[in-house]
Amino acid sequence: MKIKLGVRRLVEYAYRSGSIPQGFSLSIAANEGTRLHRIRQAQYKEGDQKEVPLSTVIEHEGTEVILEGRCDGLLVRDDRWVIEEIKSTKQVVGTEDRFIHWAQGICYGYMLCKEKELSHIDVWLTYIQLDTYEVKTFKKTI
């Protein structure tokens, strides 16, 4: 049996809890989020990639789970691969550091590490404030 599963759907299901925080991308119209993504991606360097499709197959007890999604940015900085996950917010940018958002970036990082046989990857979680365009990036190596 084969099952197709999107990264976003997986992490939203796996890490859902309590109420949805106000101010994050679920409360921002899709076109506004897309506009903010494009503003950030316009700052990418030559060779950086945006909206990169990634997928992997995970086999378990005779079932193939095809995990797939699109990372917002695939970059190389200082000879290291970087996955950037961009999130739009109405909140003041500062300490927003949501595990569900990290989980999405980490899944993309896993898929790229598996594909390219990498031992580690950097994951950036970038928040962009809707009204001020303030940007805050959190970084982890996995």
Side-chain angles (χ1 to χ4, degrees), residues 1-130 133-142:
M1 176 175 16
K2 291 184 182 187
I3 299 171
K4 279 191 171 187
L5 181 60
V7 168
R8 184 172 176 169
R9 188 170 178 189
L10 171 67
V11 300
E12 285 178 349
Y13 176 78
Y15 294 104
R16 69 178 174 193
S17 65
S19 62
I20 297 172
Q22 291 185 359
F24 281 89
S25 54
L26 290 177
S27 62
I28 294 175
N31 60 344
E32 286 297 305
T34 299
R35 184 175 61 81
L36 292 178
H37 274 65
R38 286 186 182 144
I39 289 170
R40 174 66 178 179
Q41 291 167 334
Q43 299 169 356
Y44 284 176
K45 297 178 180 180
E46 185 176 334
D48 291 345
Q49 301 173 56
K50 55 188 175 184
E51 305 301 328
V52 178
L54 294 168
S55 66
T56 193
V57 176
I58 301 168
E59 295 184 37
H60 181 70
E61 296 181 358
T63 300
E64 285 186 357
V65 177
I66 303 162
L67 186 61
E68 56 190 9
R70 264 192 339 235
C71 70
D72 295 324
L74 180 56
L75 325 170
V76 177
R77 297 292 182 271
D78 300 322
D79 295 323
R80 296 172 60 104
W81 287 99
V82 176
I83 295 285
E84 183 173 44
E85 189 58 29
I86 304 167
K87 299 297 179 188
S88 308
T89 182
K90 289 183 179 179
Q91 294 181 338
V92 173
V93 175
T95 59
E96 299 88 354
D97 189 355
R98 307 280 188 220
F99 186 76
I100 193 167
H101 299 157
W102 278 118
Q104 194 172 355
I106 289 168
C107 281
Y108 295 134
Y110 168 78
M111 289 189 281
L112 192 69
C113 283
K114 188 175 171 186
E115 176 186 317
K116 296 194 177 293
E117 298 180 357
L118 304 172
S119 63
H120 61 276
I121 191 165
D122 293 332
V123 176
W124 293 359
L125 179 53
T126 298
Y127 291 99
I128 305 174
Q129 204 281 338
L130 178 64
Y133 303 113
E134 182 182 355
V135 175
K136 174 74 176 183
T137 301
F138 298 90
K139 300 176 181 183
K140 287 185 183 183
T141 298
I142 58 166

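Position 1 is the first residue of the sequence; numbering continues from there.
A salt bridge links Glu32 to Arg35: one of the charged nitrogens lies within less than 4.0 Å of a carboxylate oxygen. A salt bridge does not link Glu134 to Lys136: none of the charged nitrogens lies less than 4.0 Å from a carboxylate oxygen.
Of the candidates Met1, Lys4, Glu59, Glu59 is the only one forming a side-chain contact (heavy atoms from CB on, under 4.5 Å) with Glu64. Between Leu125 and the choices Lys87, Lys140, Lys139, the side-chain contact (heavy atoms from CB on, under 4.5 Å) rule is met once, by Lys87.
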May I have the step-by-step check of side-chain contact (heavy atoms from CB on, under 4.5 Å) for Thr137 and Arg40, ending in yes or no? CA-CA 11 Å; Thr137 301; Arg40 174 66 178 179; 3.8 Å; yes
Under the side-chain contact (heavy atoms from CB on, under 4.5 Å) criterion, do Val7 and Leu54 qualify, and how do the steps go? CA-CA 10 Å; Val7 168; Leu54 294 168; over 6 Å; no
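Put simply, CD on Gln104 and SG on Cys71 are 10.0 Å apart, with the number rounded to the nearest 0.5 Å. Note that the CZ atom of Arg80 and the CG atom of Asp122 stand 4.0 Å from one another [nearest 0.5 Å]. Expressed to the nearest 0.5 Å, how far CD of Gln49 lies from CG of Leu75 amounts to 9.0 Å. To the nearest 0.5 Å, atom CG of residue Leu74 and atom CG of residue Asp48 are 8.0 Å apart. With rounding to the nearest 0.5 Å, the separation of CD1 in Ile106 from SG in Cys113 is 11.0 Å. The OG1 atom of Thr126 sits 12.0 Å away from the CG atom of Leu36 when rounded to the nearest 0.5 Å.
With hydrogens and angles disregarded, no donor-acceptor distance shorter than 3.5 Å links the side chain of Tyr133 to the backbone of Ile128. Here the side chain of His37 pairs no donor or acceptor atom with the backbone of Asp72 at under 3.5 angstrom. Judged purely by atom type and a 3.5 angstrom limit, Gln129 uses its side chain to pair as donor or acceptor with the backbone of Lys90.
Here Tyr127 and His101 bring their ring centres to under 6.0 angstrom of each other.
The environment of CZ in Arg77 is crowded: more than 12 heavy-atom neighbours from other residues, nucleotides or ligands sit within 6.0 Å. For NZ of Lys114, the number of neighbouring non-hydrogen atoms (other residues, nucleotides, ligands) closer than 6.0 Å is greater than 12.
In plain terms, the two heavy atoms of Leu112 and Leu118 that are nearest each other are O-CD1, 4.3 Å. Residues Leu67 and Met111 share a closest heavy-atom pair of O-SD, 3.5 Å. When every heavy atom of Gly33 is checked against every heavy atom of Ser88, the shortest pair comes out as CA-OG, 3.4 Å. The nearest pair of heavy atoms linking Gly109 to Ile142 is CA-CD1, 4.4 Å. Nearest heavy-atom pair, Cys107 versus Val11, reported as atom, atom and distance to 0.1 Å: SG-CG1, 4.0 Å. Residue Ile121 comes nearest to Trp81 through the heavy atom pair CG1-O, 3.4 Å, listed as atom of the first residue, atom of the second, then distance.
For the residue pair Gln41 and Glu51, a side-chain donor N or O sits within less than 3.5 Å of a side-chain acceptor on the partner.
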